[in-house]
Amino acid sequence: MGWYRDNCRQLPWRRDTALYPVWVSEVMLQQTQVKTVIPYYLKFMETWPDLEDLAAADLETVLKAWEGLGYYARARNFHKAARIVVRNLGGIIPDDYKGFKNLPGVGDYIASAVLSIAAAKPHAVVDGNVKRVLSRLLCVETPVNHSAAHKAYKAIAETFLYEKDPGTYNQALMELGALVCTPKRPDCAACPLAEACCAREKQVTDLFPRRMAKKKVPTVHIAAGIVRKNGKVLITRRKLDGLLGGLWEFPGGKVEPKESPEQACIREIREETGIKTGNLQFLTRVFHAYTHFKIEMDVFFCDYISGRVTLNGPIDHKWVHVDQLYQYPFPRANLKFMELITIVVCK
DNA sequence: AACTCGGGGCA
DNA sequence: TGCCCAGAGTT
């Protein structure tokens, strides 16, 4: 705790420890590094300073603010939770564990983090940092990426919980993991727990935390088309659940075996939107990695030929001017060639 | 209990 | 390149 007081970073969400701003930060910080979150957090709080503001916003606007941050279900769930609090709970965020965790997108980590930091409730957090620190401190053999890990580390974290100031205890443990007890080359010389650390004493910090082997991720070939018609281009909106739910994209899909990217592009656009396209012109190839697979996407300009849009898969579509594309939330893989479109079209 | 869900920082 | 990150929901 003393180490934390002297060494903690000055982060934007540490300025206001009310429930809402802490909640915003914890949702964004889920599986996302501090450095990445900072600009998103500042802009989000500026746009929606209070829960009521967020509840009144369109989902689409919230997704736009989340664009590039990933795990878009976080934004959808948080937005939904804000509306539940305003509509059903009188605008009061529950400050008890059961009531708060019941909200969509709030699991054990967020409930424990928000309530300990913003309401001094005695709940220990378990995140990647905490698991790493405790694993080394006690030479815990439970692999941190195993299903049983959360429960095991939660029990350990609770035994050490400092109930007089659980928020600082939790943040101190996480900060220690982020700054000192790092995944690679931990700085044991700077660690306040060094004397008590099992892994350091045995010189095996690089063997902890234990981790189960990961699977390799396959690569998928994708073809996407920028369909032009009367100076506008076609974009479609993905269904709200699943991968990249609710985001807009250029229509396309998987290139089947024995099929050329051009054929796949025309076929996928016809299947998804019902329209016929042709006169394909290669624009670029984009590489992008997701958690469970990688994609190689060939992007084509296409001309609209015939047919009316009848959606099969996407939940919406629009013909938009290239200058208006920035208004819609797109996946990163699409943003990678967005600027190129403008350059080519204007030429 | 296993699988799905983004994107970036970093060695 | 591969690893890992202030995890939660679904199956």
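In the text below, chain A, chain B and the rest are named by the order of the sequence lines, each starting its count at 1.
- A:Asn170 places a side-chain N or O within 3.5 Å of a backbone atom of A:Val125 that can act as its donor or acceptor partner.
- The residue A:Arg211 sits close only to the backbone: its heavy atoms come under 4.0 Å of sugar-phosphate atoms, none of a base.
- Separating the NZ atom of A:Lys214 from the P atom of C:dT1 is a distance of 17 Å, rounded to the nearest angstrom.
- Summarising the local packing, NZ of A:Lys80 is surrounded by 12 or fewer heavy atoms from other residues, nucleotides or ligands at distances under 6.0 Å.
- Between the CH2 atom of A:Trp66 and the C1' atom of C:dA8 there is a distance of 13 Å, rounded to whole Å.
- Looking at heavy-atom distances under 4.0 Å, A:Arg238 makes no contact with the nucleic acid at all.
- A cation-pi arrangement is found for A:Arg228 relative to A:Phe301, the charged atom lying closer than 6.0 Å to the ring centre and inside a 45° cone about the ring normal.
- Applying a 4.0 Å cut-off to non-hydrogen atoms, the residues of residues 114-138 of chain A that approach DNA chain C are A:Asp127, A:Gly128, A:Asn129, A:Arg132, listed by residue number.
- Distance A:Leu207 CG to C:dC3 C1': 16 Å, rounded to the nearest Å.
- Separation of the P atoms belonging to B:dC5 and C:dA6 is 23 Å when rounded to the nearest angstrom.
- Distance A:Tyr153 OH to C:dA6 P: 16 Å, rounded to the nearest Å.
- At the heavy-atom level, A:Val106 lies under 4.0 Å from the strands shown only through sugar-phosphate atoms.
- Between A:Lys216 and C:dC3, a side-chain N or O to OP1/OP2 separation shorter than 4.0 Å is absent.
- A side-chain donor-acceptor contact under 3.5 Å links A:Ser116 to the backbone of A:Ser112.
- Within a heavy-atom distance below 4.0 Å of DNA chain C, the residues of residues 163-176 of chain A found are A:Met174, A:Glu175.
- For A:Lys101 and A:Gly177, each mapped to the nucleotide of DNA chain C holding its nearest heavy atom, the one lying further toward the 5' end belongs to A:Gly177.
- Nucleotide C:dC5 holds its C1' atom 11 Å from the OH atom of A:Tyr109, rounded to whole Å.
- Using cut-offs of 30° and 60° on the angle between ring planes, the pair A:Phe337 and A:Phe250 is tilted.
- In terms of phosphate contacts, A:Arg76 brings no side-chain nitrogen or oxygen within less than 4.0 Å of OP1 or OP2 of C:dG9.
- Surrounding CD of A:Glu46 are at most 12 heavy atoms belonging to other residues, nucleotides or ligands under 6.0 Å away.
- Taking the C1' atom of each, C:dG9 and B:dG8 are spaced 23 Å apart, rounded to whole Å.
- As rounded to whole Å, 12 Å separates atom P of C:dC4 from atom CG of A:Asp206.
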For this session: Would you give a per-nucleotide map of nucleotides 4-9 of chain B, 5' to 3', where B means the base has a protein non-hydrogen atom under 4.0 Å away, S means only the sugar-phosphate does, and - means neither?
Result: BBBBBS
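- Rounded to whole Å, the C1' atom of C:dA8 lies 23 Å from the corresponding atom of B:dG9.
- The local environment of NZ in A:Lys229 is crowded, with over 12 non-hydrogen atoms from other residues, nucleotides or ligands closer than 6.0 Å.
- Remark: A:Arg9 CZ is packed, more than 12 non-hydrogen atoms of other residues, nucleotides or ligands lying under 6.0 Å away.
- Other residues, nucleotides and ligands contribute more than 12 heavy atoms inside 6.0 Å of the CD atom of A:Gln324.
- Taking every heavy atom of both residues into account, A:Ala55 and A:His79 meet most closely at O-NE2, 4.2 Å.
- Cation-pi contact between A:Arg76 and A:Tyr72: absent, since separation from the ring centre below 6.0 Å together with deviation from the ring axis within 45° is not met.
- Regarding A:Phe78, its CZ atom lies at a distance of 15 Å from the C1' atom of C:dG7, rounded to whole Å.
- In this entry the distance linking CG of A:Asn145 with P of C:dG7 reads 14 Å, nearest Å.
- Taking the six-membered ring for Trp and thresholds of 30 and 60 degrees, A:Trp66 and A:Phe44 have ring planes more than 60 degrees apart, a perpendicular arrangement.
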